Amino acid sequence: MINKPSLPQGTRDFNAAVIRKRNFIFSTIKNIFEIYGFQPLETPAMENFETLMGKYGEEGDRLIFKILNNGLSNEKNIEKTKAGFEKLLEGKNSTDITERALKYDLTIPFARYVAMNHTKLTFPFKRYQIQPVWRADRPQKGRYREFTQCDADVVGSKSLYNETELANIYHQVFCELRITNYELRINSRKILAALAEACGGNEKMVDITVAIDKLDKIGIDKVKIELEERGLTTIQIETIEKFLNITGSNQQKILALHEMFGKNKLAAEGMQELAFVQNHAIPETNLVFDFTLARGLNYYTGVIFEVKAPAEIKMGSIGGGGRYDDLTGLFGVNDIPGVGISFGVDRIYDVMEELNLFPEDLQIGPKAIFFNMGQKEVDFAFNIMQNLRNHGIACEIILEEMKIAKQFSLAEKKNIAYAIIIGEKEIEQNYCQVKNLATGEQHVVVLENLVEFLGKMP
RNA sequence: GUAGUCGUAGCUCAGUUGGUUAGAGCAUCAGAUUGUGAUUCUGAGGGUCGGGGGUUCGAGCCCCCUCGAUUACCCCA
């Protein structure tokens, strides 16, 4: 009994039409990365499990796709396998069962790469990376188990100009994709740290940020309840509420924050960072200071970014990133600060599809197709076709005999621009009919001139 | 990991309180029509009703399990 074939949950096949649209996004992003001086890097689909473990928080670890070791049932491994499995059942991980995992993002593998190669790299080192990543998350709208990230990171530079450049990359990419009303939210972890300090200490930072990050979604009252559940006192919650009530323009927000934190050093630094980015960057309609922005990943230390899709689309963030002081420290190489951003191509695709933003001329097939007017004619046309191909003109020939009407609809489905008809008469008199399939216009072209003719036609 | 909704032809969907052999439109194929895409007409093929089990004289419909899709939560791009 043969089962119906299917795909693993959350994965997709991409047909030609989809790939052309995806490539449009990829090439737009890639070009701009290159213009800003970033160089490409690719890393393996899988990493050693230990490389990824513990880098994304508890929730993140749960979502890493683990790869089962080979040879588990091999006699000499069987004791180890059993012991390892016992550990798994206790909720622990065991390298006796899994030594490798699919990569979860591009940042940690990049940090691993930098740590491994830091003696050979020239700093500041700028790389971009466009590759699929995998997460064992439950799929839903805009969420896939296999999706592609486009990252750009600079390591070995503390300059805030990097943040500014990255903000401008976001702006330039989204303008080119015509997602003009995207929103780039930025915050600084230092401001959040200052808030945590004002609320009884750094160890409260995670609790506070996780809760206030949800303000948009669940509202102030529920945030307060969550803060209470997380052990914050009433006075501390009042402070946080005051913090969350800061609204207005970016300028007004800074003023209010200034008033609230006074001379607090961390807060002042954070505000300075945000102001710096704003002064060198993009329109305020796109750049929004958002002090509630936290971002889950623990390794961020300075400015953090998150890109929101246009408000009319219900979609999570379509990009994110931030500054990390010591990412490679996780791999034993200290003092390499960095900052990076990421584009979520799959979500950008969904947004563009919904807003109908893809250019119409992306769907191009071969330029010409030779109709089948009989076996002898095919034989003749084949050589003409090869000559076109040798001149770089994409074309094909219909090898099966079929009715003319069908040949036309076939050509149309393949998005082919021109039909070339060579029948008995044409062979005798050394010409062909070239029909523009979009307009219906038909030309008589002498065979010697066909390359030149098609070369000139759009 | 938790919860809701859904699953009938290639696609979009009908299908009565459970009742004969499960339907339509579109698409496909063949013919009218052996050198120009349309229209029209005629005909044809196509279904383990997601899968398994149960209740029943009888299940596409009711019950249980399971798989998949989708949406939301958690978290995230």
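Fair warning: this is a prediction, and the values are worked out from it, not measured in the lab.
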Give a yes/no answer on whether the side chain of A:Lys214 brings an N or O atom under 4.0 Å of OP1 or OP2 in B:rC73. no
Decide yes or no on ring-ring contact (aromatic ring centres under 6.0 Å, His included) for A:Phe370 and A:Phe382, but give the supporting numbers first. CA-CA 8 Å; A:Phe370 289 80; A:Phe382 193 88; 9.3 Å; no
Using the ring of A:Phe289 (Phe, Tyr or Trp, six-membered ring only), decide whether A:Lys253 places NZ or CZ under 6.0 Å from its centre and within 45 degrees of its axis. no
Measure distances between side-chain N and O atoms of A:Arg143 and base N and O atoms of B:rC75, and say whether any donor-acceptor pair falls under 3.5 Å. yes
Partner lookup for B:rG1, please. Criteria are Watson-Crick or G-U wobble with both distances under 3.5 angstrom; report none if nothing qualifies. B:rC73
Close aromatic pair by centroid cut-off 6.0 Å: A:Phe24 and A:Tyr349: no
Send over the distance from A:Lys403 NZ to B:rU34 P, rounded to a whole Å. 8 Å
So what does A:Val351 hit on the nucleic acid, given a heavy-atom distance under 4.0 Å: a base, only sugar-phosphate, or nothing? nothing
Which nucleotide sits closest to the side chain of A:Phe408: B:rU36, B:rC75, B:rA72? B:rU36
cation_pi(A:Arg323, A:Tyr300) dist<6.0 Å, angle<=45: no
Can you find a side chain N or O atom of A:Gln140 that sits less than 4.0 Å from OP1 or OP2 on B:rU71? no
Taking only N and O in the side chain of A:Lys413, is any of them less than 4.0 Å away from OP1 or OP2 of B:rU28? yes
When we call it a touch if two heavy atoms are under 4.0 Å apart, what does A:Lys406 touch: a base, just sugar-phosphate, or nothing? sugar-phosphate
Does A:Gln9 place a side-chain N or O at less than 4.0 Å from the phosphate oxygens OP1/OP2 of B:rA69? yes
Need one value for A:Phe371: base, sugar-phosphate or nothing, where a base atom within 4.0 Å counts as base even if backbone is also close, heavy atoms only. nothing
Could you identify the nucleotide paired to B:rC6, looking across every strand shown and requiring Watson-Crick or G-U wobble geometry with both distances under 3.5 Å? B:rG68
Looking at every strand, decide which applies to A:Ile421 at a 4.0 Å heavy-atom threshold: base, sugar-phosphate, or nothing. base
Distance in angstrom units between A:Phe343 CZ and B:rC76 P, rounded: 20 Å
Contact class for A:Gln407 (heavy atom, under 4.0 Å): base, sugar-phosphate, or nothing? nothing
Using the benzene-type ring in the case of Trp, are the ring centres of A:Phe343 and A:Tyr170 under 6.0 Å apart? yes
Can you list, by residue number, the residues of residues 434-446 of chain A that have a non-hydrogen atom closer than 4.0 angstrom to RNA chain B? A:Lys435, A:Asn436, A:Leu437, A:Gly440, A:Gln442
Could you measure between the two C1' atoms, the one in B:rC74 and the one in B:rG18, and give it in whole Å? 41 Å
So for A:Arg138 and B:rC76, does any side-chain atom that can act as donor or acceptor lie under 3.5 Å from a complementary atom in the base? no
Determine whether a donor-acceptor pair (one donor, one acceptor, N or O, separation below 3.5 Å) exists between the side chain of A:Glu426 and the base of B:rG35. yes
Determine the contact category for A:Gly142: base if any of its heavy atoms lies under 4.0 Å from a base atom, sugar-phosphate if only primed atoms, P, OP1 or OP2 are that close, otherwise nothing. base
Determine which nucleotide pairs with B:rA59, using a 3.5 Å limit on both distances of a Watson-Crick or G-U wobble pair. none
Aromatic contact, A:Tyr36 with A:Tyr128 (centres under 6.0 Å): no
For B:rG18, the nucleotide meeting Watson-Crick or G-U wobble distances (both under 3.5 Å) is none
In whole angstrom, give the distance that lies between atom CD1 of A:Ile404 and atom C1' of B:rG31. 18 Å
